[in-house]
Amino acid sequence: MLTRRTTLLLGAASLMALLAPQRAWAQDATGFIMNLGNQLAAIVNGGGTYEDKKRRLAPLIEEAVDVDGIAQFCLGIYWRRTTPAQQTEFRRLFHAVLLNNIGGKLGQFQGVTFRPTTTSQREGDSMVGTVIQRPNQQPNNVQWVVSTAGGRPKIVDVQAEGVSLRLTQRNDYSAFLTRNNSNVDALLSAMRQQAGA
């Protein structure tokens, strides 16, 4: 169900998840991403087992990323067609699948470094540009879409080389549901397999 492009975007996301005054907000968003990125890089590059790193990574992702908001966006038009119980289960599984996929990419980011480029405003959100460098790999341009709609900064999307993570994931879910007669329970079953739940 996850395409290679989605998996790559999830890997990039593992390195980071107010217009007045605009410049101050941009600096706040940049600082938020750089602080998060430094914490994530310290986990990836630090000691400990894979399970230790995954356990330390999980609360950072949950704190910094609007996982529930992204989950609802990714289900798209099907969100309103689901029951409250299905919505609750979908959010739970979305969290688990996201963390499993991010955790599964930890080894690929050993020795990672990143630096900020530019920050701009778009539709009330802040777009924080970064360049991510891994040993023996070409650098990647990644933009972090940061919103303060909930009162504090949260990552609401990641765009790697111009491709949106949440839009790609929504397209994947939509294609799966189209192939399965719009059966949300079938999607939940597939997500349980991905989450190992």
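All values derive from a computational prediction rather than experimental measurement. Every heavy atom of this structure was used, including side-chain atoms; hydrogens, water molecules and symmetry mates were not.
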With sequence neighbours left out, which residue pairs that include part of residues 39-55 fulfil the salt bridge (Lys or Arg N to Asp or Glu O under 4.0 Å) condition? D52-R55
Compare every heavy atom of P139 with every heavy atom of V131, then report the nearest pair and how far apart it is. CG1-CB, 3.7 Å
Enter the distance from H95:NE2 to F90:CZ here, rounded to the nearest 0.5 Å. 10.0 Å
Nearest heavy-atom approach of F94 to M191 is N-CE, 3.6 Å
Could you tell me whether the side chains of T119 and T30 share a donor-acceptor contact shorter than 3.5 Å? yes
For residues 58-85, which residue pairs qualify under salt bridge (Lys or Arg N to Asp or Glu O under 4.0 Å), counting only residues two or more places apart or in two chains? E63-R152
Quick one about S164 and Q159 (side-chain donor to acceptor, distance below 3.5 Å, no hydrogens or angles considered), yes or no? no
May I ask whether L167 and Y78 are part of the same hydrophobic cluster, defined by side-chain heavy atoms of I, L, V, M, F, W, Y residues being less than 4.5 angstrom apart, directly or through others? no
State whether a side-chain donor-acceptor pair under 3.5 Å links N100 with Q194. no
Side-chain (Q87) to main-chain (W79) donor-acceptor, under 3.5 angstrom: yes
Do V156 and V158 belong to the same hydrophobic cluster, where Ile, Leu, Val, Met, Phe, Trp and Tyr are linked whenever their side-chain heavy atoms lie under 4.5 Å apart, directly or via other members? no
Gap separating the OG atom of S120 from the CE atom of M127, nearest 0.5 angstrom: 6.0 Å
For T178, give me all partners under side-chain hydrogen bond (donor to acceptor under 3.5 Å, both in side chains), at least two apart in sequence or on another chain. none
Quick one: pull up SG in C74 and CG in D172 and give me the separation to the nearest 0.5 Å. 9.0 Å
Separation between CG (L98) and CD (Q169), nearest 0.5 Å, reads 9.0 Å
Residues in side-chain contact (heavy atoms from CB on, under 4.5 Å) with A186, at least two apart? F176, N180, N183
F32 to I155 - nearest heavy-atom pair and separation: CE2-CG1, 3.9 Å
Do the non-hydrogen side-chain atoms of L75 and L177 ever get within less than 4.5 Å of each other? yes
Would you say the side-chain atoms of T130 pair up with the backbone N or O of I132, donor to acceptor, closer than 3.5 Å? no
Distance check, rounded to the nearest 0.5 Å: I77 atom CD1 versus R170 atom CZ? 9.0 Å
Do S126 side-chain atoms and Q121 backbone N/O form a donor-acceptor pair below 3.5 Å? no
Report the residues that fulfil side-chain contact (heavy atoms from CB on, under 4.5 Å) with Q39, sequence neighbours left out, ordered by chain and then residue number. N35, L60
Atom pair CG/OG1 of L93 and T88 - distance to nearest 0.5 Å: 11.0 Å
Please answer: with hydrophobic residues joined when any side-chain heavy atoms are less than 4.5 Å apart, are W144 and F73 in the same cluster? no
Would you check if the side chain of S189 reaches a backbone N or O of D185 as a donor-acceptor pair within less than 3.5 Å? no
Does any non-hydrogen side-chain atom of L57 lie less than 4.5 Å from one of L40? yes
Heavy-atom closest pair (N140 atom, E161 atom, distance to 0.1 Å) is CA-OE2, 3.3 Å
Does some side-chain heavy atom of L187 sit less than 4.5 Å from a side-chain heavy atom of Y173? yes
I'd like to check the side-chain hydrogen bond (donor to acceptor under 3.5 Å, both in side chains) partners of E89; sequence neighbours left out, ordered by chain and number. R92, R192
In short, P116 meets M34 closest at the heavy-atom pair CD-CE, 3.4 Å
Please tell me whether V145 and V65 are part of a single hydrophobic cluster in this structure, the criterion being side-chain heavy atoms less than 4.5 Å apart. no
Would you indicate whether the side-chain heavy atoms of Q86 and L188 approach each other to under 4.5 Å? yes
